[in-house]
Number of protein chains: 2
Amino acid sequence: MKNKELQEQRMRGYFIEATKNLIKGEGIRSVSVRAVADHAGYSFATMYNYFRDLNELIFLCVQDFQEECRLDVEEQVKMVKGGCHERVKARVMAYIRFFTEYPGIFELFFTARAYDLGNREGTLITIERSLENVCKPAWDECLESGTLTVEQAALIAESLRHTVTGMLVMYLNRRRPASYKDFQEMVHRQVDRILKVHHE
Amino acid sequence: MKNKELQEQRMRGYFIEATKNLIKGEGIRSVSVRAVADHAGYSFATMYNYFRDLNELIFLCVQDFQEECRLDVEEQVKMVKGGCHERVKARVMAYIRFFTEYPGIFELFFTARAYDLGNREGTLITIERSLENVCKPAWDECLESGTLTVEQAALIAESLRHTVTGMLVMYLNRRRPASYKDFQEMVHRQVDRILKVHHE
DNA sequence: CAAAGATAATGAACAATGTTAATATATTGC
DNA sequence: GCAATATATTAACATTGTTCATTATCTTTG
């Protein structure tokens with residue numbers, strides 16, 4: 001039966017959609033089996049007919065959120081002009097803005113406990129490469145124009161990845177810096193530093 | 001009565017010690033009111049006579065762990081010779097080693113949920129400055145020898161703080177890189193990059 | 001030293017959580 | 001339409017944090 005497959009996929013979609021809305025709106029803490037089931041319009045036990053456990057359901061949202069992040073960044077940088085430096089920076093800034101807008105998604109990506117995720121290597125890689133993925137068009141431009149070599153770009157990307165993750169962890173989880181303004185200034189300072197170094 | 005104060009302090013100490021051992025040994029997930037009370041030798045309800053809630057108890061461990069981290073690093077770098085660059089790097093590496101050895105402490109410092117910690121600004125600052133604090137002797141040396149200006153040191157420290165936090169988040173929470181060896185290589189690469197830049 | 005009063009430790013109880021197993025309900029095949 | 005299967009739901013359990021009434025213990029006083 002092809003129907004069965006389709007119906008199952010639809011059911012999974014209902015639960016995933018409900019979970020995504022909860023994460024985006026209220027954060028991961030608000031995600032419980034009962035809350036998700038309520039939003040999906042089913043009983044809490046029904047979830048277990050379609051997902052191994054709550055953890056699997058939660059982490060299935062990662063792929064969707066990654067795509068959502070990419071589209072959001074694309075929208076934000078649509079009007080940005082300038083060279084390699086400016087384009088990469090604009091995307092990094094948009095990436096940061098996305099996660100400050102949806103702290104629950106950041107939590108899911110980087111700090112939420114993932115028991116069994118040891119197996120699901122793909123999800124971990126998606127998370128690791130989320131910034132690179134979002135910046136890809138700008139990187140490609142840099143490479144094509146010869147502004148950077150592949151090795152240089154890889155090193156900068158690695159550097160940006162960790163610095164951005166670190167700053168977001170500090171700001172979203174520990175309120176440091178204490179104000180958004182200070183955070184913003186720090187972000188500019190750090191991103192500029194990383195991007196400028198390799199332009200000399 | 002001074003006795004009462006002393007006794008209360010002692011009781012708090014028993015619970016804090018139990019919590020610290022649990023965090024170091026089994027991670028934050030293993031910390032429950034019942035587990036802590038068991039290890040402290042009291043009933044679970046007794047905890048509430050000395051702490052507002054479990055969260056307060058958990059985050060009271062931060063100060064102790066910070067000191068423990070500092071001592072651990074001091075021990076690790078005792079024999080290190082060399083200039084400013086080498087001494088700072090040695091401390092950063094020791095800091096990272098400490099947290100890879102005790103992932104539970106890293107979780108507590110950077111990713112554990114802290115509901116009410118908005119008030120306890122001091123704890124947040126302790127966490128933010130943990131790496132700077134640990135590296136302070138080396139920074140002082142750099143400043144005194146004139147290798148770096150205060151502004152340069154501050155910028156490098158900020159850079160190190162976020163990069164190190166980011167790398168640890170990726171490695172401890174998301175197993176990326178997948179092997180300790182790759183992680184170690186990346187750490188060297190990134191720390192060198194940050195420290196070298198300002199030597200030119 | 002013993003009784004009254006204060007203090008501190010405790011167990012019962014509650015709500016919320018994730019999860020499983022048994023039951024009820026729909027759907028499908030004949 | 002009925003039996004067989006698949007699916008959704010309710011019941012139940014173990015754990016969690018937390019509160020509160022009740023013990024147990026310690027202190028003070030007569």
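Each chain gets a letter, A, B and so on, in the order its sequence line appears, and its residues count up from 1.
Between A:Tyr180 and A:Phe183, the two ring planes are tilted [angle within 30° to 60°]. Between A:Phe106 and A:Phe99, the two ring planes are perpendicular [angle over 60°; tilted spans 30° to 60°].
In this structure, B:Tyr48 atom OH and D:dG17 atom P are separated by 7 Å, rounded to whole Å. Atom CD in A:Glu8 sits roughly 15 Å away from atom P in C:dT27 (whole-Å rounding). Per the geometry, CZ belonging to A:Arg10 stands 16 Å off C1' belonging to D:dT7, to the nearest Å. For the pair A:Asp38 CG and D:dT9 P, the interatomic distance rounds to 11 Å; values are reported in whole Å. D:dG17 atom P lies 7 Å from atom CZ of B:Arg34, rounded to whole Å. The CG-C1' distance, from A:Asn49 to C:dA22, rounds to 13 Å in whole Å. Nucleotide D:dG17 holds its C1' atom 9 Å from the CG atom of B:Asp53, rounded to whole Å. What separates CG of B:Asn55 from C1' of D:dT18 is a distance of 13 Å, to the nearest Å.
For A:Arg189 and B:Glu158, the salt-bridge test passes: some basic side-chain N is under 4.0 Å from an acidic carboxylate O.
Residue-level contact check: B:Met47 touches neither bases nor backbone, having no heavy atom under 4.0 Å from any strand. Backbone-only contact: A:Ser32 has heavy atoms under 4.0 Å from sugar-phosphate atoms and none from a base. Residue-level contact check: B:Val36 touches neither bases nor backbone, having no heavy atom under 4.0 Å from any strand.
Remark: B:Tyr50 is in phosphate contact with C:dA9, judged by side-chain N or O atoms under 4.0 Å from OP1 or OP2.
For the pair B:Phe44 and B:Met11, nearest-nucleotide mapping onto DNA chain C gives the more 5' position to B:Met11. Mapping A:Tyr42 and B:Arg29 onto DNA chain D by nearest heavy atom places A:Tyr42 closer to the 5' end of the strand.
Here the side chain of A:Asp38 pairs no donor or acceptor atom with the backbone of A:Gly41 at under 3.5 angstrom.
Listed nucleotides: C:dT10, D:dG17, D:dT10. Nearest to the side chain of B:Ala45: C:dT10. Taking only side-chain atoms of B:Thr46, from C-beta outward, the nucleotide of C:dG11, C:dA9, D:dT9 with the closest atom is C:dA9.
Side-chain atoms of B:Gln7 and B:Arg10 form no donor-acceptor pair, as typed in the model, at a separation below 3.5 Å.
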